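One structure is given below, encoded as structure tokens.
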Amino acid sequence: MATVGHEREKRIMGWAIALHGGAGDIPKDLPPELREPREASLRYCLQIGVDAIKAQKSPLDVVELVVRELENNPYFNAGRGSVLTSNGTVEMEACIMDGNTKNCGAVSGLTTVVNAISLARLVMEKTPHIYLAFEGAEAFAREQGVETTDSSHFITPRNIERLKQAKEANKVQVDYNTRPIPKDDKTPAPSGDSQLGTVGCVSVDSFGHLAAATSTGGLVNKMVGRIGDTPIIGAGTYANKLCAVSATGQGEAIIRATVARDVAALMEYKGLSLKEAADYVIEESAPKGTTGLIGVSATGEVTMPFNTTGMFRACATEDGHTELAIW
């Protein structure tokens, strides 16, 4: 009887979608010229996702489509807006996961692939593996005929300036952090325009099928070869039959806390609701000031908690609820 009731609840609550554009130390006085384009992009991408759901696209198709659009937007730290390594290069990474099957694909160290999330899906569907990185991932992209471009396409004047500031202060800078992670006791780095964030999307359809996708350029002035939480299954991205989660913030902290998987595990083993599980992970597990996440459950519940100053986020559900917020 419990199973029947659960299935009925799924049908009643219907589909849901959530997306994020990064979490971090987002100042409340963020200038309109930095805030408004990101809000407009989230609004646009949310509508794309809702339209795709209504057109009966699968959750996997929906999250890939939305994240591709976010990757193409230079205002976010993924794809075109990816931040630069200590060598002034881009190393993009992404992950996608199907909750129903637990099939997943991930990529790291991309320098020419226009949409990392689509290559991650090809790794999932066209190889016996889950994770490809650096030269191997680039070679696979060429083999599959995905769109590539010269790496200069991803290097924006804004990000060149951000790297310069970070190097001058010997700092590594996280999404939206106007106060970069200190590597020494020198004075803080100039804040500059650090308002770029990792992107992600989670979706559930009316049948309770779930998917999650996340994409990022990593940290400003990160070491060449550094891999963050985004492509690591169970850290920055996870989906099963109970929920789909995409995390954002300080990658090393998210990896240590296994943020995305812990949300699912609390639901699976403790019987918590999505909101209860996500709140516990954000408030009790992930260090304060490091993490945000978006999640949807098989029953159509949505949650978007964070323990940072803010998180660019948006969601919509079948019953007509929509939300777009930062703080």
Side-chain angles (χ1 to χ4, degrees), residues 18-46 70 73-84 156-200 214-222 228-230 236 246-254 259 279 282-283 286-294 303-315 323-327:
L19 52 150
H20 70 71
D25 187 12
I26 308 174
K28 291 286 184 72
D29 59 353
L30 187 65
E33 64 269 20
L34 297 179
R35 173 177 51 80
E36 291 170 0
R38 291 163 177 81
E39 290 177 329
S41 179
L42 288 179
R43 193 173 290 111
Y44 173 71
C45 290
L46 180 64
L70 290 165
N73 188 311
Y75 282 102
F76 295 107
N77 177 16
R80 173 81 171 111
S82 293
V83 298
L84 306 182
T156 65
R158 179 183 288 110
N159 284 341
I160 292 172
E161 178 61 25
R162 291 182 70 199
L163 177 62
K164 179 173 176 286
Q165 292 179 347
K167 279 183 171 293
E168 285 173 354
N170 193 24
K171 306 289 182 179
V172 175
Q173 197 173 55
V174 195
D175 284 353
Y176 295 112
N177 228 334
T178 53
R179 292 182 290 277
I181 300 175
K183 293 184 72 176
D184 51 37
D185 293 324
K186 294 181 182 178
T187 55
S191 61
D193 176 14
S194 61
Q195 312 311 316
L196 285 164
T198 294
V199 303
T214 317
S215 182
T216 190
L219 305 177
V220 181
N221 201 27
K222 66 181 179 179
D229 67 290
T230 290
S246 174
T248 178
Q250 294 181 14
E252 282 72 14
I254 292 168
V259 165
D279 285 350
I282 291 297
E283 294 169 11
K288 185 168 177 57
T290 66
T291 307
L293 68 83
I294 53 171
T303 193
M304 303 187 290
F306 52 94
N307 63 24
T308 53
T309 305
M311 178 172 72
F312 277 96
R313 62 199 188 277
C315 69
E323 181 183 346
L324 191 152
I326 305 172
W327 298 285

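All values derive from a computational prediction rather than experimental measurement.
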message: Applying side-chain contact (heavy atoms from CB on, under 4.5 Å) to Leu46 and Leu19, what does each step give before you reach the verdict?
response: CA-CA 7 Å; Leu46 180 64; Leu19 52 150; 3.4 Å; yes
query: Closest heavy-atom contact between Leu42 and Gly21?
result: CD2-N, 4.2 Å
- prompt: Sub-3.5 Å donor-acceptor pair from the side chain of Asn159 to the main-chain atoms of Gly81, do we have one?
  reply: yes
message: Let me confirm one number: the CZ-CG distance from Arg80 to Leu70, rounded to the nearest 0.5 Å.
response: 15.5 Å
field: Closest non-hydrogen atom pair, Pro74 against Arg158
entry: O-NH1, 4.3 Å
Reported CZ-to-CD1 distance for the pair Phe306 and Ile282, which is rounded to 0.5 angstrom: 9.5 Å
- request: Mark yes or no for whether Arg313, through its side chain, and Trp327, through its backbone, hold a donor-acceptor pair below 3.5 Å.
  value: yes
- request: Name all residues meeting the side-chain hydrogen bond (donor to acceptor under 3.5 Å, both in side chains) criterion together with Arg35; count only those two or more places apart in sequence or in a different chain, and write none if there are none.
  value: Glu39
message: Which heavy atom of Pro32 sits nearest to which heavy atom of Pro37, and what is that distance?
response: O-CD, 3.7 Å
- request: First locate atom CG of Asp29, then atom CG of Leu34, and finally report the distance between them rounded to the nearest 0.5 Å.
  value: 10.5 Å
message: Tell me every residue that passes side-chain hydrogen bond (donor to acceptor under 3.5 Å, both in side chains) with Lys164, counting only those two or more places apart in sequence or in another chain.
response: Glu168
task: Of all the heavy-atom pairs spanning Ala78 and Val199, show the shortest one and how long it is.
output: CB-CG2, 3.8 Å
task: Taking the side chain as every heavy atom from C-beta outward, state whether Glu252 and Leu219 have any atom pair closer than 4.5 Å.
output: yes
task: Kindly give the heavy-atom pair with the smallest separation between Ser41 and Asn73, and that separation in Å.
output: OG-ND2, 2.9 Å
- request: Any chance you could lay out the side-chain contact (heavy atoms from CB on, under 4.5 Å) test for Val259 and Leu293, step after step, and finish with the verdict?
  value: CA-CA 8 Å; Val259 165; Leu293 68 83; 3.8 Å; yes
field: Audit row: Thr198, Asn77, side chain to side chain donor-acceptor pair (under 3.5 Å) steps and yes/no
entry: CA-CA 5 Å; Thr198 294; Asn77 177 16; 4.5 Å; no
Asp229 vs Thr216, side-chain contact (heavy atoms from CB on, under 4.5 Å): CA-CA, chis, key distance, verdict: CA-CA 10 Å; Asp229 67 290; Thr216 190; over 6 Å; no
query: Should Thr248 and Met311 count as side-chain neighbours, where that means a heavy-atom distance under 4.5 Å?
result: yes
message: Determine whether Glu323 and Met304 satisfy the following criterion, side-chain contact (heavy atoms from CB on, under 4.5 Å), listing intermediate values before the conclusion.
response: CA-CA 10 Å; Glu323 181 183 346; Met304 303 187 290; 3.8 Å; yes
task: Say whether, by atom type as modelled, one donor and one acceptor occur between the side chain of Arg38 and the main chain of Tyr75 under 3.5 angstrom.
output: yes
query: Is there a donor-acceptor contact under 3.5 Å from the side chain of Arg162 to the main chain of Val83?
result: no
- prompt: If every non-hydrogen atom of Ala247 is compared with every non-hydrogen atom of Ile254, which pair is closest and at what distance?
  reply: CB-CG2, 4.1 Å
message: Any donor-acceptor pair under 3.5 Å linking the side-chain atoms of Thr214 with those of Ser246?
response: yes
- request: Go through the side-chain N and O atoms of Thr291 and Asn307 and say whether any donor and acceptor fall under 3.5 Å apart.
  value: no
